[in-house]
*Asks:* 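Can you keep this structure in mind? I'll have questions shortly.
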Amino acid sequence: MAVLIREPREIDGRTFKDVKVFRSENPLITSEDETQAVKLDEYLVDFFSRLIADAKAHDLLRLKNKPGVIELWYYVGEGLKFVDDPQIVHPSDRRYIWRALWQHAGDLAPGEMKSRAGTNRDHFLYCYRLARYDKGFVLAAGNWREWQDFFDSPILSNNSVLDWFEKKISVIANLKIKNWLRPFIKLVRNEYQNIDMSFLSDAEISNKLEKAFEVFLSQHASSNTSYHD
């Protein structure tokens with residue numbers, strides 16, 4: 001399979017804004033792959049048309065660029081779960097889907113497409129990651145900017161850390177700590193900023209995070225109140 005991307009290109013001295021380009025991890029893209037990519041592109045058109053209509057119906061679009069915008073981006077992330085369906089997006093081509101989303105996002109784009117689009121710091125990738133977690137947990141942890149900071153962190157955003165983090169959700173939720181994300185990010189960064197975690201095994205990363213988590217709990221758990229208050 002492949003993903004259809006529209007990119008600016010210069011051809012024979014002329015600049016074209018939206019040249020169709022097929023992207024895939026497979027260097028050999030067949031005509032069948034291109035046909036599937038066009039179908040995926042059509043799926044994205046329909047997907048965003050419906051999602052924008054639903055967001056308007058739920059009065060979420062008014063939250064753009066406002067303090068409560070995390071609810072809008074969580075809603076978008078829930079919709080993006082189709083990315084996990086291999087019948088829609090082949091797993092090997094998933095890295096290209098984030099860039100393709102910008103082509104059809106319309107009112108659900110956070111603003112103008114910038115250099116982060118299609119990278120591992122893509123806005124829609126962050127929405128997708130956010131929706132992995134329970135909504136109540138997400139809202140209690142912090143605001144959208146703090147979650148962006150979490151996903152931006154090289155220390156915190158690798159898959160091993162995200163897997164560890166997901167296992168801690170029930171623990172943190174049961175403690176009913178609120179607004180904890182920023183202090184936790186700061187603690188982990190200060191503790192491990194000079195350590196290249198890419199050289200550590202999953203077990204070593206988990207062990208280090210457990211120690212940081214214990215420190216975090218001792219510093220903050222007793223001073224926080226229930227997010228149901």
Side-chain angles (χ1 to χ4, degrees), residues 3-6 23 40-41 43-91 93-159 161-166 168-169 172-173 179-182 184-185 227:
V3 177
L4 192 158
I5 304 291
R6 292 169 176 81
R23 298 290 189 191
L40 173 59
D41 192 64
Y43 176 92
L44 295 181
V45 172
D46 180 64
F47 166 77
F48 273 111
S49 176
R50 288 184 286 106
L51 196 65
I52 290 170
D54 288 346
K56 288 179 178 177
H58 288 85
D59 200 26
L60 291 172
L61 283 179
R62 65 177 178 80
L63 297 174
K64 279 181 68 173
N65 303 315
K66 294 182 179 179
V69 73
I70 190 170
E71 295 213 36
L72 172 62
W73 301 140
Y74 188 91
Y75 186 79
V76 171
E78 286 185 303
L80 291 176
K81 290 178 181 178
F82 76 83
V83 171
D84 293 328
D85 187 342
Q87 298 300 313
I88 300 175
V89 182
H90 193 278
D93 294 332
R94 187 177 295 171
R95 60 174 291 195
Y96 300 108
I97 193 66
W98 313 115
R99 170 62 179 78
L101 294 174
W102 286 86
Q103 298 163 177
H104 308 295
D107 289 340
L108 287 177
E112 292 294 322
M113 185 172 64
K114 298 180 180 178
S115 59
R116 289 169 60 129
T119 72
N120 60 2
R121 302 176 72 191
D122 185 275
H123 169 80
F124 292 111
L125 172 59
Y126 285 8
C127 293
Y128 165 84
R129 285 179 172 175
L130 192 73
R132 288 178 60 173
Y133 310 122
D134 174 77
K135 184 177 180 181
F137 171 83
V138 166
L139 297 180
N143 60 34
W144 174 246
R145 182 170 294 181
E146 288 163 347
W147 277 102
Q148 280 184 305
D149 196 28
F150 175 82
F151 291 131
D152 277 345
S153 172
I155 295 174
L156 293 165
S157 63
N158 70 61
N159 288 331
V161 175
L162 292 175
D163 290 342
W164 173 89
F165 185 71
E166 193 163 1
K168 286 297 173 186
I169 287 177
I172 299 172
N179 300 323
W180 58 267
L181 192 59
R182 184 184 294 278
F184 181 69
I185 292 170
Y227 57 71

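Note that the structure is predicted; figures quoted are calculated from it, not measured.
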*Asks:* If the plane angle is over 60° it's perpendicular, under 30° parallel, otherwise tilted; pick one for Trp144 and Trp73.
*Replies:*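 Tilted, since the angle between the ring planes falls between 30° and 60°.
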*Asks:* Test side-chain contact (heavy atoms from CB on, under 4.5 Å) on Asn143 and Asn179 and set out the steps.
*Replies:* CA-CA 8 Å; Asn143 60 34; Asn179 300 323; over 6 Å; no
*Asks:* Are the aromatic ring centres of Trp180 and Phe137 under 6.0 angstrom apart?
*Replies:*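 Between Trp180 and Phe137, the centre distance is under 6.0 Å.
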*Asks:* Is a donor on one side and an acceptor on the other found under 3.5 Å between the side chain of His90 and the backbone of Pro86?
*Replies:* no
*Asks:* For Arg50 and Asp46, run salt bridge (charged side-chain N to carboxylate O under 4.0 Å, His left out): C-alpha distance rounded to whole Å, both residues' side-chain angles, the deciding distance at 0.1 Å, then the answer.
*Replies:* CA-CA 6 Å; Arg50 288 184 286 106; Asp46 180 64; 2.9 Å; yes
*Asks:* Find the distance between NZ (Lys114) and NE2 (His123) and round it off to the nearest 0.5 Å.
*Replies:*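 These two atoms lie 12.0 Å from each other.
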*Asks:* Which heavy atom in Trp102 sits nearest to a heavy atom in Ala117, and how many Å separate them?
*Replies:* NE1-CB, 3.6 Å
*Asks:* Decide if the gap between the ring center of Tyr126 and the ring center of Trp98 is smaller than 6.0 angstrom.
*Replies:*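 No: the rings miss the under 6.0 Å criterion.
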*Asks:* Distance from Met113 atom CE to Asp122 atom CG, nearest 0.5 Å?
*Replies:*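 So the gap between those two atoms works out to 9.5 Å.
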*Asks:* Is the distance from the ring center of Tyr43 to that of Phe82 below 6.0 Å?
*Replies:*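 Yes - the distance between ring centres of Tyr43 and Phe82 falls below the 6.0 Å cut-off.
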*Asks:* Show the numbers, then the answer: is there a side-chain contact (heavy atoms from CB on, under 4.5 Å) between Arg94 and Val83?
*Replies:* CA-CA 7 Å; Arg94 187 177 295 171; Val83 171; 3.6 Å; yes
*Asks:* First locate atom CG of Asp107, then atom CG of Leu51, and finally report the distance between them rounded to the nearest 0.5 Å.
*Replies:*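 One gets 11.0 Å once the value is rounded to the nearest 0.5 Å.
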*Asks:* Taking all heavy atoms of Ala100 and all of Val3, pick out the closest pair and write down the distance.
*Replies:*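 So the two residues come closest at CB-CG1, 3.6 Å.
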*Asks:* Where the side chain of Tyr74 meets the backbone of Tyr128, is there a donor-acceptor pair that is under 3.5 Å apart?
*Replies:* no
*Asks:* Rounded to the nearest 0.5 Å, what's the gap from CG on Leu4 to CG on Leu40? Could you check?
*Replies:*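 These two atoms lie 8.5 Å from each other.
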*Asks:* Carefully, step by step, assess Arg129 and Phe151 under the rule side-chain contact (heavy atoms from CB on, under 4.5 Å).
*Replies:* CA-CA 9 Å; Arg129 285 179 172 175; Phe151 291 131; 3.6 Å; yes
*Asks:* Restricting to non-hydrogen atoms, name the atom on Phe47 and the atom on Gly79 that form the minimum distance, rounded to 0.1 Å.
*Replies:* CE1-O, 3.3 Å
*Asks:* Output yes when a side-chain donor or acceptor of Glu71 lies under 3.5 Å from a complementary backbone atom of Gly68, and no otherwise.
*Replies:*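 Answer holds: no.
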*Asks:* For Leu72 and Ala55, work out which heavy atoms get closest and say how close.
*Replies:* CD1-CB, 4.5 Å
*Asks:* With rounding to the nearest 0.5 Å, note down the distance linking CG in Leu101 to CG in Leu108.
*Replies:* 10.5 Å
*Asks:* Might you work through the salt bridge (charged side-chain N to carboxylate O under 4.0 Å, His left out) test for Arg23 and Asp93, ending with a clear yes or no?
*Replies:* CA-CA 8 Å; Arg23 298 290 189 191; Asp93 294 332; over 6 Å; no
*Asks:* Take atom CZ of Arg116 as the centre, draw a 6.0 Å sphere, and report whether it contains more than 12 heavy atoms from other residues, nucleotides or ligands.
*Replies:* yes
*Asks:* Are the side chains of Leu130 and Ile70 in touch, meaning some heavy atoms are under 4.5 Å apart?
*Replies:*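 In short, these two side chains touch, coming nearer than 4.5 Å.
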*Asks:* I'd like to know whether Leu80 forms a side-chain contact (heavy atoms from CB on, under 4.5 Å) with Val76, so could you lay out the CA-CA distance, the side-chain angles of the two residues, the decisive distance to 0.1 Å, and finally the verdict.
*Replies:* CA-CA 6 Å; Leu80 291 176; Val76 171; 4.0 Å; yes
*Asks:* Taking C-beta and beyond as the side chain, do Val138 and Lys135 meet within less than 4.5 Å on heavy atoms?
*Replies:* no
*Asks:* Atom CD1 of Ile97 and atom CG of Leu44: how far apart are they, to the nearest 0.5 Å?
*Replies:*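 Interatomic distance, Ile97 CD1 to Leu44 CG, rounded to 0.5 Å: 5.0 Å.
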*Asks:* Give a yes or no on whether the backbone of Ala109 and the side-chain of Lys64 come within a donor-acceptor separation of less than 3.5 Å.
*Replies:*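 Yes; judged by distance alone, with no hydrogens or angles, the pair exists.
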*Asks:* Before you tell me yes or no, could you show the steps for Lys56 and Asp59 under salt bridge (charged side-chain N to carboxylate O under 4.0 Å, His left out), namely the whole-Å CA-CA distance, both residues' side-chain angles and the distance that decides it to 0.1 Å?
*Replies:* CA-CA 5 Å; Lys56 288 179 178 177; Asp59 200 26; over 6 Å; no
*Asks:* Taking CZ in Arg6 as the centre, count heavy atoms belonging to other residues, nucleotides or ligands within less than 6.0 Å. Is the count above 12?
*Replies:*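 Yes - once you tally the heavy atoms of other residues, nucleotides and ligands closer than 6.0 Å, there are more than 12.
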